[in-house]
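First up is the structure itself, then whatever we jot down about it.
Naming: A, B, ... by sequence-line order, numbering from 1 per chain. Side-chain atoms are counted along with the backbone in the values below, which use heavy atoms only and exclude waters and symmetry mates.
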Amino acid sequence: MKSDYEVNRAVDRYADTVRRICFLHLKNYHDTEDIFQTVFLKYLLYDGEFENEEHEKAWIIRVAINACKDFLKSFYRRNIVPLEAAQNIASNSGTEKSEVLEAVLSLPKKYKDTVYLFYYEGYNAAEISEIIKKKENTVYTLLSRARKLLKEKLGGEDFE
Amino acid sequence: MNKIKNDFDAVRAEDKLKNDTLEYIYRERERREKHTVPKFRYAVALAAFLTVFFGIGGYSMLYSAVSYISIDVNPSVELALNRLDRVVKVSAYNDEGAAILDGMNLKGKSYTAAIDALFSNQSFQKYIDNGADVNFTVVSDNEKEITEGIKKCGGYSQYNSACHGADSEMHSKAHEYGISTGKYKAYVKLKEEGIDINIDDCRNMSLKQLYEILEQNNPNSGLEEKGCGGAQRHQHNKGKHE
């Protein structure tokens with residue numbers, strides 16, 4: 001198990017990143033809490049070592065993306081609608097969201113991670129393909145299609 | 001900066017979220033460690049039995065940690081060794097330790113090679129060149145042999161070094177508190193001397209500072225019978241006392 005010190009450090013370093021990935025996929029704070037616990041518990045129990053911070057970050061991102069995916073697929077999620085979501089009181093919906101963010105969030109889910117990793121985290125297609133485990137060509141295709149969709153949603157306005 | 005980057009920047013993890021997550025992780029660690037401590041002792045006994053019964057070789061010999069060497073200067077790191085005295089895992093106990101381990105690959109090395117590598121590491125040298133003490137704490141059934149091996153390392157005699165032993169009980173407790181075994185042992189000694197100090201204080205002080213407090217209180221308590229550098233260090237400090 002990783003030491004408390006290492007876990008503290010990981011939360012300090014990557015909480016914002018994990019929060020953003022949750023922001024892409026989840027609709028309420030409670031679900032985000034769930035994902036945080038899943039991701040950092042995995043980190044605690046991970047016995048491998050990271051070559052460097054970049055390596056560690058990529059690992060966290062992959063775990064977070066997969067955790068969100070699994071969560072959205074799970075039985076619990078499909079059958080139990082949290083009261084919050086039903087009443088549309090969610091931490092996400094409370095805040096003013098820019099047009100650009102709304103557009104990204106409204107993309108089909110297969111594009112969201114790639115868009116985030118490319119435009120926010122600054123990874124290139126090769127690095128993204130390593131993280132989400134898809135072929136590099138697939139990543140290029142996803143990016144170009146996402147760009148098109150975003151342009152349409154933003155009425156031709158430039159977002160890059 | 002593109003607009004996406006700009007807008008996403010505003011999305012941050014709430015403090016409550018971070019704190020709640022950390023509390024959850026601490027509880028999970030406690031829960032899991034409660035189960036592993038007794039298993040550790042059982043596993044060592046079982047591994048020893050199987051080794052004798054089936055001869056040398058096998059998974060448990062190569063991958064499970066049976067000995068630990070914690071190294072405290074100001075950086076605080078721990079090497080976990082398998083039955084063949086080779087490093088199977090390294091852990092850092094503070095920022096400085098983590099910075100030093102980053103980019104070092106000590107796994108698979110014999111503990112002496114690992115210690116040599118550490119002493120040759122430039123970042124590590126910066127700490128010991130300033131006259132800081134290097135403290136080794138050994139937790140192992142093989143303590144005597146490992147201690148001898150450590151003392152034979154080039155770096156050991158070159159710098160102000162000391163070597164102590166500790167039992168696995170101390171090691172687990174130290175882990176529970178998230179500090180190195182060396183520091184926990186110092187903490188226990190301080191408490192035995194009736195000194196009012198808590199774990200958090202120890203966490204933030206260097207091992208040298210803790211031993212200084214110990215020596216101020218009782219000049220003989222820091223010394224180890226094993227004749228480690230403790231005796232020499234005492235001589236050194238006498239000159240340096242303010």
Problem set entry | Minimum side-chain heavy-atom gap B:K5-A:E121 below 4.5 Å | no
Problem set entry | More than 12 heavy atoms of other groups within 6.0 Å of B:D141 CG | no
Exercise. With side chains defined as the heavy atoms from C-beta onward, is the minimum distance between A:M1 and B:E33 less than 4.5 Å?
Worked result: yes
For this session: Could you tell me which of A:V39, A:V18, A:T17, A:L45 has the largest number of non-hydrogen atom pairs under 4.5 Å with chain B?
Result: A:L45
Problem set entry | B:L22, part contacting chain A, at a heavy-atom distance under 4.5 Å | side chain
Seminar exercise, completed: So, the part of B:K107 with a heavy atom under 4.5 Å from chain A: the answer is side chain
Exercise. Are any of the side-chain heavy atoms of A:L41 and B:R32 separated by less than 4.5 Å?
Worked result: yes
Seminar exercise, completed: Among A:N8, A:N52, A:V115, the residue with the most heavy-atom pairs under 4.5 Å to chain B is A:N8
Exercise. In terms of heavy-atom proximity below 4.5 Å to chain A, should B:Y24 be classed as side chain, backbone, both, or neither?
Worked result: side chain
Exercise. Do NZ/NE/NH1/NH2 and the carboxylate oxygens of A:R19 and B:E14 come within less than 4.0 Å?
Worked result: yes
Exercise. Can you say whether the rings of A:F23 and B:F8 are parallel (under 30°), tilted (30 to 60°) or perpendicular (over 60°)?
Worked result: perpendicular
Exercise. Taking side chain as C-beta onward, heavy atoms only, is B:V11 less than 4.5 Å from A:D16?
Worked result: no
Problem set entry | Short side-chain donor-acceptor distance under 3.5 Å, A:Y5 and B:D95 | yes
